[in-house]
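The figures that follow rest on heavy atoms only: side chains count, while hydrogens, waters and symmetry mates do not.
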Amino acid sequence: MKISALVIILAVSLILRVTADSWSSASDFAAPKDTVRSEQEDGTPVLSIDKAGRLTGKKTMAVDVTADYRFSGKFRAIPDQPGGNVRIGLILYNSAGRRLAPVNCRVLKETTTELLEPAAAGSNVLKVNNATKWKSKPKGLYAAAMNARPDEGDLPNFEIFFIREIKMESSVHEIILNAPLEKDYPAGTLLRQHQSGPIYLFVPLENPAAGKEWTEFTFDIRAGDYGRPDAFWYGTAQVRPGIILDNPKGAVAGTLQLKELKLEKLNLSSQ
């Protein structure tokens, strides 16, 4: 019996948190004045949000992209009323504290090409040898990532320039940028196309509409493939929560409540 109990304890310990952080009071968030309040419910801290908008956690938690994590919490709306959608996610940063965006990391395969001519600072035209697999529409979705490396060792890439138009009327293809280059790039510079995406690593809520009952969410973030929707992006070293509350046009503003918001490091891969 002692051996069996030990086995059970070891099995359970595989999914216990190793480290964790939580955000439970108004002081834990940066938000417009008179937007967030701290309350209590049966001794449990509750965060009340009275206005639509965005909230950002003040403190960050260091994360290890080779480990698994669980982001969880509960939300509800009071009083019950029409409208009010919540989006909850994690804002990702690199080790230097620079915020990451999907466009820094989201590679479009088989788009690596090179400059045929130097591109000077102030210019918004890139002349390349092959842009046949590049896309320019819809506007604001695609970008050129400069100084790309074949092994993707440049990721996350911050030399990002969004694309306005692509011209392939001759053997030299031209990529027209929305904004001018910030520095000179010599002929032979490698570049690839990246794609933008959601601003946070959002929790995939089944129903984002906040109701009068507490809705619990659990988002497991797995180690490994950076391209999955349940994985941290390239270069992630620290995170903080981000909350967006939207009221549809014409809806009466209400109060959104959150509690037990936490991020835990797990050993899910060991199960």
Side-chain angles (χ1 to χ4, degrees), residues 12-32 35-41 43-49 53-75 86-106 155-156 158 197-205 208 214-245 256-271:
V12 172
S13 70
L14 289 176
I15 59 171
L16 290 179
R17 70 188 188 188
V18 178
T19 59
D21 212 339
S22 62
W23 298 263
S24 58
S25 70
S27 61
D28 290 334
F29 287 87
T35 298
V36 186
R37 295 176 287 111
S38 294
E39 298 183 319
Q40 292 277 330
E41 182 184 67
T44 300
V46 174
L47 187 71
S48 294
I49 308 169
R54 297 183 182 183
L55 280 74
T56 302
K58 290 182 180 178
K59 59 183 177 180
T60 60
M61 176 179 172
V63 296
D64 175 5
V65 294
T66 65
D68 304 307
Y69 288 83
R70 175 168 292 160
F71 185 41
S72 60
K74 299 177 181 178
F75 67 91
V86 62
R87 286 182 285 169
I88 303 170
L90 293 171
I91 308 172
L92 312 184
Y93 301 83
N94 66 6
S95 58
R98 186 167 184 176
R99 182 172 169 177
L100 299 174
V103 74
N104 302 128
C105 317
R106 188 174 289 180
L155 300 179
F158 293 102
I199 59 174
Y200 303 159
L201 182 62
F202 280 113
V203 175
L205 298 174
W214 285 109
T215 298
E216 183 174 4
F217 69 87
T218 299
F219 181 31
D220 287 339
I221 303 166
R222 302 282 183 153
D225 185 0
Y226 296 102
R228 295 198 319 254
D230 62 346
F232 290 127
W233 305 334
Y234 280 100
T236 302
Q238 47 191 319
V239 304
R240 72 176 85 220
I243 300 164
I244 301 176
L245 177 61
L256 174 76
Q257 291 191 316
L258 285 161
K259 69 177 182 179
E260 300 173 16
L261 190 66
K262 60 186 176 180
L263 178 66
E264 306 168 282
K265 184 178 180 182
L266 305 175
N267 287 318
L268 293 171
S269 298
S270 300
Q271 298 184 70

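- Pro198 has its side chain out of reach of Tyr200: every pair of non-hydrogen atoms, C-beta onward, lies at least 4.5 Å apart.
- Distance check: Thr44 OG1 to Glu260 CD gives 6.0 Å after rounding to the nearest 0.5 Å.
- Heavy atoms only, all atoms of each residue included: Gly235 and Pro156 are closest at CA-CD, 3.8 Å.
- Counting heavy atoms from C-beta outward, Leu100 and Asn94 have side chains that approach closer than 4.5 Å.
- Listed by chain and number, the residues in a salt bridge (Lys or Arg N to Asp or Glu O under 4.0 Å) with Arg106 amount to none (sequence neighbours excluded).
- Once rounded to the nearest 0.5 Å, the distance linking CG of Leu47 with NZ of Lys74 reads 15.5 Å.
- Residues Ile199 and Arg54 have side chains in contact (heavy-atom distance under 4.5 Å, counting atoms from C-beta outward).
- Closest approach of Cys105 to Trp233, counting heavy atoms only: SG-CB, 3.8 Å.
- Thr56 places no side-chain N or O within 3.5 Å of a backbone atom of Ala30 that could act as its donor or acceptor partner.
- Leu201 contributes atom CG, which lies 5.0 Å from atom CD1 of Ile221 (distance to the nearest 0.5 angstrom).
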May I have the step-by-step check of side chain to side chain contact (heavy atoms under 4.5 Å, CB included) for Lys265 and Val63, ending in yes or no? CA-CA 8 Å; Lys265 184 178 180 182; Val63 296; over 6 Å; no

How far apart are the C-alpha atoms of Leu90 and Phe219, what are their side-chain angles, what is the distance that settles it, and do they pass the side chain to side chain contact (heavy atoms under 4.5 Å, CB included) test? CA-CA 11 Å; Leu90 293 171; Phe219 181 31; 5.6 Å; no

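- Between Phe29 and Ile49 the shortest side-chain heavy-atom distance does not fall below 4.5 Å.
- Of all non-hydrogen atoms in Ser38 and Ala26, the two that sit nearest each other are OG-N, 2.6 Å.
- Atom CG in Asp28 sits 12.0 Å away from atom CG in Leu258 (nearest 0.5 Å).
- Looking at Asp68, its side chain does come within 3.5 Å of a backbone N or O of Ala223 through a donor-acceptor pair.
- The shortest heavy-atom contact between Ser27 and Ser25 is OG-OG, 2.8 Å.
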Which is it for Leu261 and Ile243 under the side chain to side chain contact (heavy atoms under 4.5 Å, CB included) test, yes or no, and what are the steps along the way? CA-CA 11 Å; Leu261 190 66; Ile243 300 164; 4.3 Å; yes

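- Contact of the Asn104 side chain with the Leu155 side chain is not registered, since no non-hydrogen atoms from C-beta on lie closer than 4.5 Å.
- Atom-to-atom distance recorded for Leu263:CG and Trp23:CH2 is 5.0 Å, nearest 0.5 angstrom.
- Remark: Phe232 engages Tyr69 in a ring pair (Phe, Tyr, Trp, His ring centres under 6.0 Å) (not counting sequence neighbours).
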Check the pair Gln257 / Glu41 against side-chain hydrogen bond (donor to acceptor under 3.5 Å, both in side chains), numbers first and verdict last. CA-CA 11 Å; Gln257 291 191 316; Glu41 182 184 67; over 6 Å; no

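- Counting heavy atoms from C-beta on, the side chains of Lys259 and Trp214 come closer than 4.5 Å.
- The closest side-chain heavy-atom distance from Asp230 to Asp220 is not below 4.5 Å.
- Residue Arg240 holds its CZ atom at 11.0 Å from NZ of Lys58, rounded to the nearest 0.5 Å.
- Under the 30°/60° scheme for interplanar angles, the aromatic rings of Phe71 and Phe217 are found to stand perpendicular.
- Lys262 is listed as a side-chain neighbour of Ser72, based on a closest heavy-atom distance under 4.5 Å.
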